[in-house]
Amino acid sequence: MAFDEVKTEGFKQVGTRPRRPDGVDKVTGRAKFGADAYAPGMLHAAIVRSPHAHARILSIDTSRAKALKGVKAVVTRADFAEGLTGDDWDVLENVMAGDKALYDGHAVAAVAATSALIARDAAKLIEVEYEVLAHVTDVDAAMADGAPVIRDGAADSSVPAGLHPNVVRYHESGHGDVHAGFGEADLVIEESFRTEAAHQGYIEPHACLAQLGPDGKGELWCCTQGHFHVQKLCAKMLGMEASNLRVTASEIGGGFGGKTTVFIEPVALALSRKTSRPVKLVMSRSEVFRATGPTSSTSMDVKIGMKKDGTITACQGVFRLQGGAFPGAPMEFTAMCAFAPYDVKNVHQIGYDVMTNRPKQAAYRAPGSPMAAFATESVLDMLCNQLGLDPLDVRLKNAAKEGSKASYGPRYERIGLVETLEAAREHAHYSAPLGSDQGRGVSCGFWFNHGGETSVTLALSEDGTAALSVGTPDIGGSRASMCLMAAEELGIPYDNVRTTIADTATLGYNEVSHGSRVTYASGLATIRAARDAVQKLCARAAAKWGIDEDAVIWEDGCAKPSGPNAGEFDPLPIAEITAEMGSTGGPIVGHFEATPEGAGVSFATHIVDAEVDKETGATKVVRYTVVQDAGKAIHPTYVEGQYQGGAAQGIGWALNEEYIYGDDGRLQNAVFLDYRIPVASDLPMIDTVIVEVPNPGHPYGVRGVGETSICPPLAAIANAVSNAAGVRMRHLPMSPPRILKALDGD
Amino acid sequence: MSMIHVSTTVNGDEVDFVCDPRETLLDVLRDRLALTGAKEGCGTGDCGACSVMVDDRLVCSCLMLGAEAEGKSIATVEGLAKGEDLHPLQEKFIEHAALQCGICTPGILVATKALLDKNPDPTETEVRYWLAGNLCRCTGYDKIIRAVMDTAADLRKAS
Amino acid sequence: MRYHRPTSIGDAVAIAQDASGTCRFLAGGTDVLVQLRADLVTPDDLIDIKHLPGMRDISRAGDGWRIGAAVTGAEMSENADLKREWPGVVEAMDLVGSTQIQGRATLTGNLCNASPAADSVPAMVAADATVTIAGPGGERTVPVAEIPVSPGRTSLQKGEVITAVNLPARAARSADAYLRFIPRTEMDIAVVGCGINLTLDGDTITHARASLGAVAPTVLLVDAIADALIGSTLGDAALDAAAAAASAACNPIDDKRGTIEFRTRVAGVLTKRAAKIAYERARGQS
């Protein structure tokens, strides 16, 4: 197998469904997550947080806390590096407030003590004097004249003159002439939509154990999607060299984008530095809700023109996203994804990144895209209803294909949207009869997917088994996929590969487990590292046989002569080569380090049936089908799991999940009781169809699958509910009071 | 703060510990007895990640004080497997990929075992409502429900 | 916080009477521990009463029932006789929290938490339940409706503790029902709750009690709903009148869980639905 060869069929192991290698750890309680680490002499920390949405910090008196027996150290912003700029400054400012508290829950000080209870008691004794300032939490209100300014001068050069200082970034893109396009249409519909902020809702709160001694050398254990990124950020915030901080990723109890940055890790390190003792810091659930990043809330206007035959003539959208008290709301992704599934001549999209007094938004599974689909696909549904067209036929008619110019610029390579739409149309769900008070909705969704810096090492043992080290935390079974790919290439049993998530001292830099990149990028790197090892194995065989390296091939776990001309030798199994490797040239290790860029975009089509109780506004999702292009499903069961998980999160966001702020700017529902993620009895089984249209940018054709699955649900459910209720739902979540209000004609 | 001395039984072993009166059973299991299988996902009884059995009754260990464990019999996920043999539920959860990140898994296994001990032939709806207090954010519950139903069917065949 | 494990109710009362700071009793603990974890209330004295005689017992009291203060929801649901006679009370308690919460939570705790949204309280009020209170002055019996006085506050005096909930004898051809509205299927606090208790003569309603939760600072006993139902065979006119009476009785707030408008309207919807369930149950009783 050549190093660059693309293989899309004839797999022996890829595509099977073996047990995950960490399965026993996870079902016995043995797996160690963020909060499961303990160290001798360990201290416990607690954080003091602002009760105000916006306030100047006048003074912080730590004397009473320090006087409490068992308290060992207190830190404030003064204990972190100065002089950071740009994104680094933003992250530090979010980790520990400087002059101002910018949202309810913003950290202002922290304390370490000999027990968690003492630390909590001490935190209550830290007295912070605030000057309360006017605040704003709504995206439209924050853009309006007279809105309180979160931070003057935060806007970058993209922002046109005359906008409120809270508008900090601006995006505009498109092609063609939308004015002319709307002129060609038989029907043009323009609607406004809103979505509320949803939290990733991972069940494991952020947790870490930090150790930083007077020698400047540190160890950090934490639950994160990217420990290399944590290393980089923490080193900057502590003013230390990155290589002096070794970061180990614990097992991670969910992330969905929310664990791609730091919140508590620099604080624990600062407390450890002050005390020269290990410091453990674990967030409470309410801290997770108040102080870590939910997704943006949005205000959107979308206008689409259509001919009677269903041809889309033009699309236009304005997308306003608030990202909390810092720049970074993913409005360009919202704008770029909004019309991406369709081949449209005339498109134009604008995005605004707006600051408010809320926690800094963090990535959430295809950041920005689900909201875009909600707006676009709702308008498409209205157009189809009014023109009497089948919603899947219309989507097929306009679907982007290989060679189509994407709404965000480039031309698509091979993509699988048409295949997902055809599979959806043929699925029994689409033609099944509906019950009373039920409605059906469909939607497409799009996500870019991502490659990113990746480094992998595959070391062969003397017995011919393989130790694979990757740097992307396993957030949902990726070890199994890595083992499958390595085993496929090496031709050895799946159980003979052990995949480890290596720490930052062991591997080259690895970007965060985000952008649906792990099976794509770490997978590609694993395949390439395995092929690198295979080349070395073949070279040892060639030397043993005294023939050219080029004359040796690798098949079924053995080196073999490439043909009769190469010579007559019995196949040499991997274990025989590795048994002698000490005396034939030394250890055999495969490597791969690169930034793969062929991630391959992906599309999904969802079908959902919802039932609405028109007397109470209660909604129940009664049937759900996900159809999505995986490129190539390495471990189909875990691909299905990603499809189902994305759909379930989308159902929560569409129906009941939202950040609710009071007039005082405080978060009202910072507990799972009132932040209503779906429970088991809320959901039906979620049917899945895996479509496989190979991605030309991956050796096996893999496309990322983690994020696209959350793009269609908001729209598909809104369409189903709107069709069931007989009234268009424009505001998510579609909580019962909103549905009853809509039924009353708003 | 005066500590309380407690004698209890955990997974069949007699155990003594001292704790602050404010410590929950979950705090004690994790921080004093090194049994970190039960997780704190919320601390308010809303997520079920800390589920354990106390005198054969399913409870959230975050909503019980350590001091209340005096004289009780406690069972945690660590006691589910017998030596090298996983409990059938544990086997089925792995087989069906009924977990992604795995943080909710210990609580769900403890809760599910409690259900099957009480009702060996539950309907899908009964399983869903029984597990409504065990939040899972990764799976959409589909594969969890399938694993539970499959285990129940196997156990019925075996009995 | 001091944790007490008294050996008698008398001792428990004495500890509570002597307490100088915040004092709480521990029956199920599903509210006390949440408040402790959230730093909302850290009692100075916490008095565990679960192990005291009678606290865990469900027993006959004449033709009625005595439910000890530490009886859990799960234990109530497992008592077939209680469930047959007071399905509304049992289903209301069963709606409180998850399976895990049911393993700990109690009727008495749900009442003493004094939340206007407590599920079991409208059902107990509709049932005309009473509580037995032990205190420094001895024992007294009080209607459930008189316990909550405002959100988070009860009429219990210093040193007093509820030892049992008492349900009256179940009359012939009578039954109760409780419904609540929540956005999900489980795990939520009631946005509106409604308890209905009906007695029939033939198919005609002769006696009714109706109660609403989460629509006012305390759970309401709404005589106007009962008046609309009494004398009817639960035809549309009676149901509409009952729904209107329910909505008229509402004095709710806008909060994270629901709006004034929503609560007012859904109170009427639930009243109709709960009345239908109670009526069918009563007709099925001999």
Side-chain angles (χ1 to χ4, degrees), chain A residues 17 19-20 22-33 35-36 38 115-117 200-205 251-256 282 284-286 475-477 480 624 635 637-638 640-649 651 671-673 677-686 688, chain B residues 1 20 22-23 27 30-31 34-47 49 76-78 80-81 86-87 89-91 93-107 109 124-125 127-146:
Chain A
R17 301 170 183 245
R19 292 156 64 105
R20 64 193 282 168
D22 55 335
V24 172
D25 284 351
K26 299 252 159 92
V27 300
T28 55
R30 199 168 68 191
K32 287 184 81 178
F33 290 85
D36 297 339
Y38 295 79
S115 80
L117 287 170
Q200 297 82 353
Y202 33 83
I203 307 301
E204 182 199 28
E251 294 301 325
I252 176 171
F256 315 106
V282 182
S284 69
R285 176 53 53 183
S286 73
I475 201 159
Y624 204 108
H635 192 307
T637 312
Y638 285 98
E640 292 162 4
Q642 289 296 319
Y643 290 5
Q644 292 163 336
Q649 286 188 316
I651 290 169
V671 286
F672 273 136
L673 185 64
I677 79 171
V679 302
S681 47
D682 292 337
L683 300 182
M685 290 297 190
I686 297 169
T688 57
Chain B
M1 200 71 70
D20 184 287
R22 288 185 290 167
E23 280 179 53
D27 294 335
R30 293 177 53 81
D31 298 343
L35 292 168
T36 56
K39 310 295 180 189
E40 180 170 310
C42 68
T44 49
D46 299 317
C47 80
T76 72
V77 70
E78 286 90 346
L80 220 47
L86 294 182
H87 186 277
L89 274 167
Q90 293 173 309
E91 293 282 1
F93 267 58
I94 299 175
E95 182 187 321
H96 283 266
L99 55 136
Q100 284 177 32
C101 79
I103 193 86
C104 69
T105 309
L109 286 168
E124 181 195 325
T125 302
V127 176
R128 287 186 180 276
Y129 275 87
W130 182 271
L131 290 178
N134 288 89
L135 300 181
C136 168
R137 191 59 159 172
C138 294
T139 64
Y141 305 103
D142 183 297
K143 294 185 189 301
I144 294 172
I145 304 300
R146 288 178 201 279

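Basis for what follows: all heavy atoms, side chains included, without hydrogens, waters or symmetry-related copies. None of these values were measured; they are calculated from a predicted model. By convention in this document, chain letters (A, B, ...) are assigned in the order of the sequence lines, proteins followed by strands, and residues within each chain are numbered from 1.
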Closest heavy-atom pair, Val77(B) versus Val27(A), reported as atoms and distance to 0.1 Å, is CG2-O, 3.7 Å
Examine whether an atom of Glu251(A) lies under 4.5 Å from a heavy atom of chain B, and if so say whether it belongs to the side chain, the backbone or both; otherwise answer neither. neither
Turns out that what part of Gln642(A) lies under 4.5 Å from chain B's heavy atoms comes down to both
My understanding is that only residues two or more places apart in sequence, or in another chain, count here; which of them pass side-chain hydrogen bond (donor to acceptor under 3.5 Å, both in side chains) with Gln90(B)? none
So what's closer than 4.5 Å to chain A heavy atoms on Leu99(B): side chain, backbone, both or neither? both
Residues two or more places apart in sequence or in another chain: which of them pass ring-ring contact (aromatic ring centres under 6.0 Å, His included) with Phe93(B)? none
Can you tell me which of Glu78(B), Lys39(B), His96(B) forms the most heavy-atom pairs within a distance under 4.5 Å of chain A? Lys39(B)
Shortest non-hydrogen pair, Gly29(A) vs Pro106(B), comes out as CA-CG, 4.5 Å
Pick one of side chain, backbone, both or neither for Leu109(B), based on which atoms fall under 4.5 Å of a heavy atom in chain A. side chain
Indicate the atoms forming the closest heavy-atom contact of Ile203(A) with Cys47(B), along with that distance. CG2-SG, 4.4 Å
If I compare all heavy atoms of Phe256(A) with all of Cys138(B), which pair ends up nearest, and what's the gap? CZ-SG, 3.7 Å
So what's closer than 4.5 Å to chain B heavy atoms on Ala647(A): side chain, backbone, both or neither? neither
Largest heavy-atom contact set with chain A, pairs under 4.5 Å, which of Leu35(B), Thr139(B), Thr76(B), Thr125(B): Thr139(B)
Picking from Gly254(A), Gly476(A), Ala680(A), which has the most non-hydrogen pairs under 4.5 angstrom with chain B? Ala680(A)
State whether the side chain of Arg20(A) and the backbone N or O of Ile94(B) hold a donor-acceptor pair below 3.5 Å, judged by distance alone. no
Could you tell me the separation between the CZ atom of Arg30(A) and the OG1 atom of Thr36(B), rounded to the nearest 0.5 Å? 11.5 Å
Non-hydrogen atoms of chain A under 4.5 Å away: do they reach the side chain of Asp31(B), the backbone, both or neither? both
Can you tell which part of Ile475(A) gets under 4.5 Å to a heavy atom of chain B, answering side chain, backbone, both or neither? backbone
Side chains of Lys143(B) and Glu640(A), heavy atoms from C-beta outward: is any pair under 4.5 Å? yes
Is the shortest side-chain heavy-atom distance between Thr28(A) and Leu80(B) below 4.5 Å? no
In plain terms, say whether Asp682(A) and Arg128(B) are close enough for a salt bridge, that is, a side-chain N and a carboxylate O under 4.0 Å apart. no
Residue pair Phe672(A) / Cys42(B): nearest heavy atoms and the distance that separates them: CD1-CB, 4.0 Å
Are the side chain of Arg30(B) and the backbone of Ala35(A) linked by a donor-acceptor contact shorter than 3.5 Å? yes
Check whether Tyr624(A) gets within reach of chain B through its side chain, its backbone, both or neither, counting any heavy atom under 4.5 Å. neither
Looking only at heavy atoms and a cut-off of under 4.5 Å, which of Ala132(B), Gly133(B), Gly37(B) has the most pairs with chain A? Ala132(B)
Any chance you could lay out the side-chain contact (heavy atoms from CB on, under 4.5 Å) test for Met685(A) and Arg146(B), step after step, and finish with the verdict? CA-CA 9 Å; Met685(A) 290 297 190; Arg146(B) 288 178 201 279; 3.8 Å; yes
Determine the minimum heavy-atom distance between Ile686(A) and Asp142(B), stating which atoms define it. N-OD2, 2.8 Å
Which of Tyr202(A), Tyr643(A), Tyr638(A) touches chain B most, by non-hydrogen pairs under 4.5 Å: Tyr638(A)
Salt bridge between Glu91(B) and Arg19(A), side-chain N to carboxylate O under 4.0 Å? yes
Within the distance-only criterion (no hydrogens, no angle test), does the side chain of Arg285(A) pair as donor or acceptor with the backbone N or O of Gly43(B) below 3.5 angstrom? no
Could you check whether any side-chain heavy atom of Glu23(B) comes within less than 4.5 Å of a side-chain heavy atom of Leu117(A), counting everything from C-beta outward? yes
So do the side chains of Thr44(B) and Leu673(A) get within less than 4.5 Å of each other, counting heavy atoms only? no
Using heavy-atom distances under 4.5 Å, tell me whether Ile252(A) contacts chain B through its side chain, its backbone, both, or neither. backbone
Using non-hydrogen atoms only, which part of Tyr38(A) is less than 4.5 Å away from chain B: side chain, backbone, both, or neither? side chain
Out of Ala648(A), Gly477(A), Ala116(A), Gly641(A), return the one with the most heavy atom pairs under 4.5 angstrom to chain B. Gly641(A)
For each of Ala480(A), Pro678(A), Gly255(A), Ser286(A), tally heavy-atom pairs with chain B at distances under 4.5 Å, and name the one with the top tally. Pro678(A)
With heavy-atom distances below 4.5 Å as the criterion, would you say the side chains of Ser681(A) and Tyr141(B) are in contact? no
Could you tell me which portion of Val24(A) (side chain, backbone, both or neither) has an atom closer than 4.5 angstrom to a non-hydrogen atom of chain B? both
